[in-house]
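See below for the structure under consideration.
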Protein chains: 2
Amino acid sequence: MAEEGKFKYFTPDEVSKMSVEELSKQRVIYGIEDKPPMGEAILLGVQHYLTMFGATFIIPVLTASAVGFDGVDTARLISLMFFVSGITTILQTTWGNKLPIVQGGTFSFLPPMFVITGAVLARPDATSDLAMQELTGAIIAASFFEIVIGFSGLIGEMRRILGPITIAPTIAMIGLALYNTGFSWLMEDWRVGMVTLIAMIVYSQFLRSKNRAFLLFPVLLAILTGYAFAWIITLAGVVSQGDAGYVSTQVLENSPWIAVPKPFMWGMPKFTLSFILGMVAGYVASMIESVGDYMAAARMSGAPIPSKSRISRGIGMEGVGCLIAGIFGTGNGTTSYSENIGAIGLTKVGSRYVIQMAAIVMLLLGIFGKFGGFFGGMPNPVVGAMYCALFGMIAAVGISNLQFVDLNSSRNLFIVGFAFFMGLSVPYWANTVTIAEGLPLWQETLEDIVLTIAKTGMAVAAICAGVLDNTVPGTKEERGLLAWEDVASDT
Amino acid sequence: MAEEGKFKYFTPDEVSKMSVEELSKQRVIYGIEDKPPMGEAILLGVQHYLTMFGATFIIPVLTASAVGFDGVDTARLISLMFFVSGITTILQTTWGNKLPIVQGGTFSFLPPMFVITGAVLARPDATSDLAMQELTGAIIAASFFEIVIGFSGLIGEMRRILGPITIAPTIAMIGLALYNTGFSWLMEDWRVGMVTLIAMIVYSQFLRSKNRAFLLFPVLLAILTGYAFAWIITLAGVVSQGDAGYVSTQVLENSPWIAVPKPFMWGMPKFTLSFILGMVAGYVASMIESVGDYMAAARMSGAPIPSKSRISRGIGMEGVGCLIAGIFGTGNGTTSYSENIGAIGLTKVGSRYVIQMAAIVMLLLGIFGKFGGFFGGMPNPVVGAMYCALFGMIAAVGISNLQFVDLNSSRNLFIVGFAFFMGLSVPYWANTVTIAEGLPLWQETLEDIVLTIAKTGMAVAAICAGVLDNTVPGTKEERGLLAWEDVASDT
């Protein structure tokens, strides 16, 4: 950990008098309860919006593609996601954990989402709306699991058994388990895909020290570059309708200027037990990830280690956020955003007020339909290229939790390696299994549940690492529990 | 890094007078050039043999299964592998790098082995012997690549561009990329598989502090447990011939008592350009891994950081070892064994002489045919269970190289994560691609080569990480180059 000096707080007035050079040396410019001047706060909020844009945009695109939505519905789903992010971020920062964390769609729900939509669409009577209804039902029903685990204070207790050895493979598997949707999509049109990928690498890794725009918005700029390139080859007639690199303008034209979200817009939710339990696996991973995020966010913004009650209140409110997301039909939940925690580290602005401003920006842009419409026609290879960089980043952020762990202990190596390998190997097996016909109902349901969890790499990794890390003998120091809490509390 | 004190050498005479308690406090009991008394050296050698048994046994089993060998040929291949390990270990420790490292079959060759055997067996005229001939040809031809890179001193120069950021995902991918052969094999008979897996976890993680046998031989004991369980359910008639859990005694009965290996026993090698180039990818990964092993082995046995010429001589000799392995037809090469470096850490015996004794044990048991025959009938689920633990361990050993790296640097996170994700995502794509028919020969060959490399996750990871780590701006400290060399030289 690069320790750049002790925290020292300044009033907004003092900050306004400091030079850029002086500011850049401070660990935190605005702390959690500081309120920058309104104009600056809004600009900082827009910046947070753009930082989280990539992920908040990818999740509905991926969901829409899995359920087979056309461009118009994809656009609506994107707008919805931003709208719900705005509402839940305001709830969380004002009444929940009161930390400077943005709430948004979660990658943890993607694996069960793929499993559920895949199963529904395999039925003879399948429609996209039906898939959304089943997905929504699973999200809504399972949200009460998170609400109870949170507000009852159970998660505060669970905190004790979740060390970095469990968190690392769980978060890493969120990214790694999606290996089948990255490079394959990119290669659907290798020109568009490679332009986007190279732009992403060049902007984020080579140009970031040259220009502030590349430092803060590499994902957005790479998307725009790839999208622009696809427009060019579309207009030049190199690709035609039906090709993966072709850009259709229909979506943008069909999008309404203003779209006010309505509850249950895809139809009333349907509730299927095995889907709900599969989704619970996603909630478990999301909760584990969020507890880690709270610690990191507190550390970044110079606050003490979050108390059990703050953690419990935050997780409970995330459950409420997922319930709201389910009611509005985003096909996903909400969770704390690691991207924004990174942005706090980058901008040294850890103010709750700034995050509330960002939430208002998201809410407003979520209602502006043309906005989502513009990105609704984006070709698959652009998305695939983004995945290669972003899913990798999630994997690495997961792995980075191991910096607190003794990586020369064969106990730790065994547990971490086992969780990684099983997180990939068990889903590979589960996807080859078909449940025998004519079984008694209880047995079919049970096998269905086990298989749904077994197909979710991150749940498998969490179970393997969680059970072993809490049973195999090892010292607190070896397991990284001391170092982890030390860093989180920043004493 | 747990630093337990400075090195202090003792003569064998002094050591013999120390109590177990005194010995256990020493960092190194026998250094590189120390010679323990003959009897003790042989026993320590047998111990090394058993420590490396798992991997040296798995590789020929996996190779035999990939080419479709029957039990008798599988038994011959196992014996061969031990025999060749013995020869090459003697060469390496006496004239090569002169470090206390055992040479044995390498996991790095498994991905290209699967690709080559898969391609050959898809041909209409395919036989197991033909697959071995193609495999052998690729290994022999590509071995000159390693011999030249080594003895020319080029690898000593390459050392400079191979930091922990490249080594970590490369080694990790050796294990992770094999996710499709782990749990699926275990589940071929879940009873036998689970008994073996649980035995492995209990012996290695829960019982190791209770008993020296479990500390040193958890893999061997777990194999014997799973194998014994399979024997029991076979004799009890729970499984019958053709079931995955069934043990056939035919192999043991058919094995000769004494089997002296002969060169080219599967027929004269065949040379196909794309296979050779695919195998080169395996050699590259093996070389990268070995350089890391030399540093670790030197560190464990209290020697200074290996010089460029020692590294070059070692890699050159590994190439010679691979050539010998190819000539004897093991279907694999030889490389330095991470398992044995771990064993040095465990036993605190880093003597070159002990490793030479271990080599002689391997040579003799390699000629004793019944020995390989006993393990030739081992059921698949036992092997699958071992993979889940051992491939995970390789992944974790790879990841552990990141302890020298700044895991809060977004540059490092991007590169590491990108290499991990692409190492899984690119092979997934490559396996869905078929080369169009009727292409010009040069284009078909080129596409063939690119696809062979793209199917090898660890080569993809090495290329992604190697290129980015050496081009994206970053300080030596951030990249872990300083800390890595510090630890290796142990100053």
Side-chain angles (χ1 to χ4, degrees), chain A residues 1-2 172 175-176 178-184 186-187 201 204-206 208-209 342 345-346 387-389 391-403 406-430 432-433 468 471-473, chain B residues 1-2 172 175-176 178-184 186-187 201 204-206 208-209 342 345-346 387-389 391-397 399-403 405-430 432-433 468 471-473:
Chain A
M1 315 292 315
L176 289 185
L178 297 167
Y179 62 85
N180 53 351
T181 53
F183 199 68
S184 299
L186 183 154
M187 290 300 283
I201 292 172
S204 73
Q205 301 303 313
F206 291 94
R208 70 169 161 193
S209 56
L346 222 62
Y387 290 166
C388 290
F391 290 164
M393 197 73 186
I394 295 172
V397 167
I399 290 171
S400 76
N401 283 286
L402 294 175
Q403 67 189 291
D406 179 1
L407 284 178
N408 296 307
S409 148
S410 78
R411 166 203 188 275
N412 292 348
L413 291 180
F414 181 86
I415 297 173
V416 167
F418 186 67
F420 265 91
F421 188 79
M422 294 300 263
L424 292 169
S425 195
V426 173
Y428 177 84
W429 162 78
T432 64
V433 174
L468 289 177
T471 52
V472 174
Chain B
M1 316 290 316
L176 289 186
L178 296 167
Y179 63 85
N180 53 352
T181 53
F183 198 67
S184 298
L186 183 154
M187 291 299 285
I201 292 172
S204 73
Q205 302 304 314
F206 292 92
R208 70 169 160 191
S209 55
L346 223 62
Y387 290 165
C388 289
F391 290 163
M393 197 72 186
I394 295 172
V397 167
I399 290 171
S400 76
N401 283 286
L402 294 175
Q403 66 188 292
V405 162
D406 178 1
L407 284 178
N408 295 306
S409 149
S410 77
R411 166 203 189 275
N412 292 348
L413 291 181
F414 181 86
I415 298 172
V416 168
F418 186 68
F420 265 90
F421 188 78
M422 295 299 264
L424 292 169
S425 196
V426 173
Y428 177 83
W429 162 79
T432 64
V433 174
L468 289 177
T471 53
V472 175

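Every chain is numbered from 1, with letters handed out A, B, ... down the list of sequences.
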- [ ] Would you mind telling me which of Ala172(B), Gly392(B), Pro473(B), Gly182(B) has the largest number of heavy-atom pairs within less than 4.5 Å of chain A?
- [x]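 Among the listed options, the one with the most contacts to chain A is Gly392(B).
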Task: Which portion of Leu402(B) sits near chain A, non-hydrogen atoms under 4.5 angstrom - done: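 Interface part for Leu402(B): side chain.
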Task: Engaged part of Ser204(A) at the chain B interface, taking heavy atoms whose separation is under 4.5 Å - done: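 The side chain, not the backbone.
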Name the member of [options] that forms the most heavy-atom pairs with chain B at distances under 4.5 Å.
options	result
Leu178(A), Leu407(A), Asn412(A), Val433(A)	Leu407(A)
Ala396(A), Ala389(A), Ala430(A)	Ala396(A)
Pro427(A), Cys388(A), Gly175(A)	Cys388(A)
Ser184(A), Gly398(A), Ala395(A)	Ser184(A)

With rounding to the nearest 0.5 angstrom, report the [atom1] to [atom2] distance, [X] to [Y].
X	Y	atom1	atom2	result
Thr432(B)	Asn180(A)	OG1	CG	11.0 Å
Phe183(B)	Ser425(A)	CZ	OG	7.5 Å
Tyr428(A)	Thr181(B)	OH	OG1	9.0 Å
Leu468(A)	Phe206(B)	CG	CZ	6.0 Å
Thr471(B)	Ile201(A)	OG1	CD1	9.0 Å

What side-chain donor-acceptor pairs closer than 3.5 Å can you find for residues 413-424 of chain A, not counting sequence neighbours?
none

Open item on the list: Give me the atom names and distance for the closest heavy-atom approach of Gln205(B) to Arg411(A).
Closed with: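 Closest approach of Gln205(B) to Arg411(A), heavy atoms only: OE1-CA, 3.5 Å.
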